[in-house]
Each structure stands twice: as C-alpha cells, then as structure tokens.
Asker: 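There's a structure below that I have some questions on.
Values reported hereafter were calculated over all heavy atoms of this structure, with side chains retained and with hydrogens, waters and symmetry mates removed.
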Amino acid sequence: QVQLVESGGGSVQAGGSLRLSCAASRYTYNRYYMAWFRQAPGKKREGVAVVWTGAGRPYYADSVKGRFTISQDNVMNTLYLQMSNLKPEDTAMYYCAADSSWKPANWYLSESAYKYWGQGTQVTVSS
C-alpha cells in the first residue's frame, strides 16, 4: 500500500512556472513507476509524465515535452513535476500515481496501469 500526497498547485499567469510535489508514504526507489496525470473539467484524465524510480529515462506526453520535467528525490520519497512556460490549456487537477508492475512503453501514461493515486492538486493558468 502506498499513500500519495500532492502539493504545490496554484494559480499562475501564462508563461509562468510551478513545481508540484508528491510525497509517498513508503520507500519507492527502484520499485515503482511514478507518474503525473491531469484532468481538466469535462475531459478524460491524461498522462503527463512518468519515471521508473530505479535507473530510467523519463517519458513525457507530447503536449508537455520541453516544458515539464519529472524528477525524484529517492531519499525523501518525493516525486516532482517542474512545469515551465505554462499555458491556459495546462489548467487541470494534477494527480500523482504509482504502480510496481512492469509495463510496456505504450502503457506508461495509461490511467488504468496505475494502482495508487493521490487526491490531486489544482493548477490554474490564466491568459
């Protein structure tokens, strides 16, 4: 069982930056895929970024490549999402997710591939 708690959301103007944090309740290093998802009102939840907590290259949705960076602090069991050059279309509730099962690359950003979820943190970007 893993509890996940997100923080760091807020309101920002377009072009601004935010850093989201996700604190995990247990040691996740080299054991879990850790991911960020988001859901805008009236839209499906979509995967944003994922990283394997061992050695692994991060994987990003095309919509955030070059603007968002996923990273982890394995000592503090914390996952981060640094978001830069934010756009109004980035407005959504952002969720942290974790899962220990191996998955192929085309499942990395699939909502159904993750067992553990946080409660979310709201990001609002104004134009």
Side-chain angles (χ1 to χ4, degrees):
Q1 187 79 6
V2 180
Q3 280 79 48
L4 303 170
V5 179
E6 303 96 334
S7 62
S11 297
V12 65
Q13 289 192 326
S17 300
L18 281 174
R19 188 177 81 157
L20 306 183
S21 299
C22 171
S25 63
R26 62 173 293 175
Y27 191 61
T28 58
Y29 177 69
N30 206 29
R31 299 180 183 183
Y32 287 87
Y33 292 90
M34 300 289 293
W36 287 99
F37 286 74
R38 66 185 182 186
Q39 187 169 20
K43 295 189 176 181
K44 291 183 178 180
R45 191 172 297 188
E46 64 170 345
V48 173
V50 62
V51 66
W52 168 249
T53 56
R57 188 172 62 186
Y59 188 85
Y60 297 95
D62 288 342
S63 58
V64 305
K65 279 181 182 176
R67 300 189 299 121
F68 290 12
T69 302
I70 189 171
S71 63
Q72 56 187 324
D73 181 332
N74 292 321
V75 174
M76 299 299 293
N77 295 332
T78 302
L79 182 74
Y80 300 101
L81 185 69
Q82 178 67 48
M83 305 185 294
S84 302
N85 191 21
L86 282 160
K87 305 175 181 180
E89 52 263 43
D90 294 318
T91 295
M93 184 71 78
Y94 282 71
Y95 299 90
C96 177
D99 193 86
S100 61
S101 301
W102 179 88
K103 46 187 95 320
N106 61 331
W107 285 14
Y108 284 169
L109 296 180
S110 173
E111 180 182 3
S112 61
Y114 291 82
K115 182 175 181 179
Y116 303 107
W117 291 85
Q119 294 299 308
T121 185
Q122 178 67 37
V123 172
T124 302
V125 184
S126 59
S127 58

Asker: Of the non-hydrogen atoms in Leu4 and Cys96, which two are nearest, and what is the gap between them?
Answerer: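 So the minimum-distance heavy-atom pair works out to CD1-O, 3.7 Å.
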Asker: Taking Thr53 for the side chain and Arg31 for the main chain, is one N or O donor matched with an acceptor at less than 3.5 Å?
Answerer: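 The answer is yes, because a donor-acceptor pair under 3.5 Å joins these two groups.
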Asker: Quick check against the 3.5 Å criterion: does Gln82 have a side-chain atom that pairs as donor or acceptor with the backbone of Phe68?
Answerer: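 Flag not set: sc Gln82 to bb Phe68 has no pair under 3.5 Å.
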Asker: Using side-chain heavy atoms (C-beta onward) and a distance below 4.5 Å, is Lys103 in contact with Tyr114?
Answerer: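 Yes, at least one pair of side-chain atoms sits under 4.5 Å.
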Asker: Donor-acceptor check, side chain of Asn77 to backbone of Ala24, threshold 3.5 angstrom: yes or no?
Answerer: no
Asker: Check whether Trp36 reaches the backbone of Tyr80 with its side chain - one donor and one acceptor, N or O, closer than 3.5 Å.
Answerer: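 Yes, the answer is positive, given that a donor and an acceptor are paired below the 3.5 Å cut-off.
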Asker: If you compare all heavy atoms of Ala61 against all heavy atoms of Gly47, which two are closest, and at what distance to 0.1 Å?
Answerer: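 Of all heavy-atom pairs spanning Ala61 and Gly47, the closest is CB-O, 3.4 Å.
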Asker: So which atom in Ala14 and which in Pro88 form the shortest heavy-atom distance, rounded to 0.1 Å?
Answerer: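 Here Ala14 and Pro88 meet closest at CB-CD, 4.1 Å.
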Asker: Determine yes or no for a side-chain-to-main-chain donor-acceptor pair under 3.5 angstrom, with Tyr94 supplying the side chain and Leu81 the backbone.
Answerer: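 Checking the backbone N and O of Leu81 against the side chain of Tyr94, no donor-acceptor pair under 3.5 Å is found.
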Asker: Verify the ring-centre separation between Tyr33 and Tyr108: is it less than 6.0 angstrom?
Answerer: yes
Asker: Under 6.0 Å from the six-membered ring centre of Trp117 and within 45° of its axis: does the NZ or CZ of Arg45 meet both?
Answerer: yes
Asker: Is a side-chain N or O of Gln72 found less than 3.5 angstrom from the main chain of Leu79, in a donor-acceptor match?
Answerer: no
Asker: For Lys65, which residues count as a salt bridge (charged side-chain N to carboxylate O under 4.0 Å, His left out) partner, sequence neighbours excluded?
Answerer: Asp62
Asker: Got Gln3 and Val5 here, is their nearest side-chain heavy-atom distance under 4.5 Å?
Answerer: no
Asker: Distance under 6.0 Å and angle within 45° of the ring axis: does Arg38 meet both against Tyr95?
Answerer: no
Asker: Applying side-chain contact (heavy atoms from CB on, under 4.5 Å) between Phe37 and each of Met93, Lys44, Glu111, Glu46, report the one that passes.
Answerer: Glu111
Asker: Not counting sequence neighbours, which residues clear side-chain contact (heavy atoms from CB on, under 4.5 Å) with Glu89? List them please.
Answerer: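 Lys87.
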Asker: Between Leu109 and Val50, is there a side-chain heavy-atom distance shorter than 4.5 Å?
Answerer: yes
Asker: Test your reading of the model: is there a side-chain donor-acceptor pair from Thr121 to the backbone of Gly9, 3.5 Å cut-off?
Answerer: yes
Asker: Can you see which heavy atom on Leu20 is nearest to which on Val123, and at what distance?
Answerer: CD2-CG2, 4.0 Å
